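Reminder, nothing fancy here: chain letters follow the sequence lines and each chain counts from 1. Only a predicted model underlies this, so the values are computations on that prediction, with no experimental measurement involved.
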There are 2 protein chains.
Amino acid sequence: MEKTIPLTDVSLQDTFAAYEQKFKALADQKRLQILNLLCQQESICVCDLADMIDMQQSKLSYHLKILLDADLILKETKGTWSYYTINQKEINHLLSPELCCLFRPTCC
Amino acid sequence: MEKTIPLTDVSLQDTFAAYEQKFKALADQKRLQILNLLCQQESICVCDLADMIDMQQSKLSYHLKILLDADLILKETKGTWSYYTINQKEINHLLSPELCCLFRPTCC
DNA sequence: ACAATTAATCAAAAATATTTGATGAAAAGG
DNA sequence: CCTTTTCATCAAATATTTTTGATTAATTGT
């Protein structure tokens, strides 16, 4: 007979999988620095950000994609420029008020 | 001439490094499941936990060490048993109230 | 039309993290 | 004592993530 798994456990596993992706995105110094900057800046384009954190463009795009896929940042394209902003709602849902000054906007 | 870095930036980098470790510890489904269980249970020993999540002992010890090193859980040894508890203070410092039911104790 | 700029993507290499099974140390119980 | 239980640690194998440099596509300014 097959091993059965309670339905509630299945959806809990899905929940953990979703949080895994978000915490993975947060689990990197460089990405935390990016969030910290986006948190103070309204919106920044890739080339400006590359200057600010001294990181080559392809590497920065890689890290931005990870944050974007985790829904922690948002992207708006204007012409050849890509402007990124922090996803305030998602960050606030995830992180404590104590982390507000570093990563949560509108807080301090 | 050497490139100089402002002092405040140096300590910001240290802060990001510290959070990187904590978010890395959270960035795994199995570890989130462990935290979720510890959150409801006061304290659990390794062998009971191994049964609960169906994971071999050496693997579980590996994951527990990562959570312990990140200060997200605490360990107390009694005889041959190791009992682990959630580090409520640290978890509360890190995660939002919205995540209370999954990972923050005393909340729900 | 052409050259330059912006940024995403790709494949290969390098670096890290995880899994596995075995071993060892410490304590418990007969 | 001797056997069993509990749990941490180790080295090797595997898997995943990150970095790098090159290429591509779209757009801008001349």
Original post:
Hey, does Leu64(A) reach any base, or is it just sugar-phosphate, or nothing, if we go heavy atoms under 4.0 Å?
Top reply: nothing
Original post:
Apart from Tyr83(A) itself, what residues make up its hydrophobic cluster when side-chain heavy atoms of I, L, V, M, F, W and Y under 4.5 Å apart count as a link, directly or indirectly?
Top reply: Trp81(A)
Original post:
Does Leu102(A) reach the side chain of Leu12(B), with side-chain heavy atoms less than 4.5 Å apart?
Top reply: yes
Original post:
When the distance from NZ of Lys65(A) to P of dT18(D) is rounded to whole Å, what number comes out?
Top reply: 13 Å
**OP:** State, yes or no, whether a side-chain contact exists between Cys39(A) and Arg104(A) at a heavy-atom distance under 4.5 Å.
**Re:** no
Original post:
So what does Lys75(B) touch, heavy atoms closer than 4.0 Å: a base, only the sugar-phosphate, or nothing?
Top reply: sugar-phosphate
**OP:** Provide, to the nearest angstrom, the distance between the CG atom belonging to Asp69(A) and the C1' atom belonging to dT17(D).
**Re:** 14 Å
**OP:** Report which part of the nucleic acid Ile66(A) touches: base, sugar-phosphate, or nothing (heavy-atom distance under 4.0 Å, all strands).
**Re:** sugar-phosphate
Original post:
Contact class for Tyr84(B) vs. all strands (heavy atom < 4.0 Å): base, sugar-phosphate, or nothing?
Top reply: sugar-phosphate
**OP:** Using atom types as modelled and distance alone, determine if a side-chain donor or acceptor of Gln21(B) lies under 3.5 Å from a backbone N or O of Ala17(B).
**Re:** no
**OP:** Using whole Å, report how far CD of Glu76(B) lies from C1' of dT6(D).
**Re:** 16 Å
Subject >> Close side-chain approach of Leu94(B) and Ser96(A), heavy atoms under 4.5 Å >> reply: no
Original post:
How many Å lie between CD on Glu20(B) and P on dT17(D), as a whole number?
Top reply: 15 Å
**OP:** Measure from the side-chain N and O atoms of Arg31(A) to the backbone N and O of Leu64(A), and report whether any donor-acceptor pair falls under 3.5 Å.
**Re:** no
Original post:
Under 4.5 Å between side-chain heavy atoms, hopping through other hydrophobics if needed: is there a path connecting Leu74(B) to Tyr62(B)?
Top reply: no
Original post:
Just by protein heavy atoms under 4.0 Å, how would nucleotides 20-30 of chain D read 5' to 3' in B, S and -?
Top reply: BBB---BBS--
**OP:** Answer with base, sugar-phosphate or nothing: what part of the nucleic acid does Ser61(A) contact at a heavy-atom distance below 4.0 Å?
**Re:** base
Original post:
Tell me: CG of Leu32(A) to P of dT18(D), nearest whole Å?
Top reply: 12 Å
**OP:** Using chain A heavy atoms and a threshold of under 4.0 Å, write down where along DNA chain C the contacts begin and end, 5' to 3'.
**Re:** dT6(C) to dT9(C)
**OP:** Answer with yes or no whether the hydrophobic clustering places Leu99(B) together with Phe16(A); edges join I, L, V, M, F, W, Y residues whose side-chain heavy atoms lie under 4.5 Å apart.
**Re:** yes
Original post:
Within the side chain of Lys75(A), is there an N or O that forms a donor-acceptor pair under 3.5 Å with the backbone of Tyr84(A)?
Top reply: no
Subject >> Length of the NZ-C1' vector between Lys24(A) and dT18(D), whole Å >> reply: 13 Å
Original post:
Rounded to the nearest Å, what distance is computed from the CG atom of residue Leu60(A) to the C1' atom of nucleotide dT19(D)?
Top reply: 13 Å
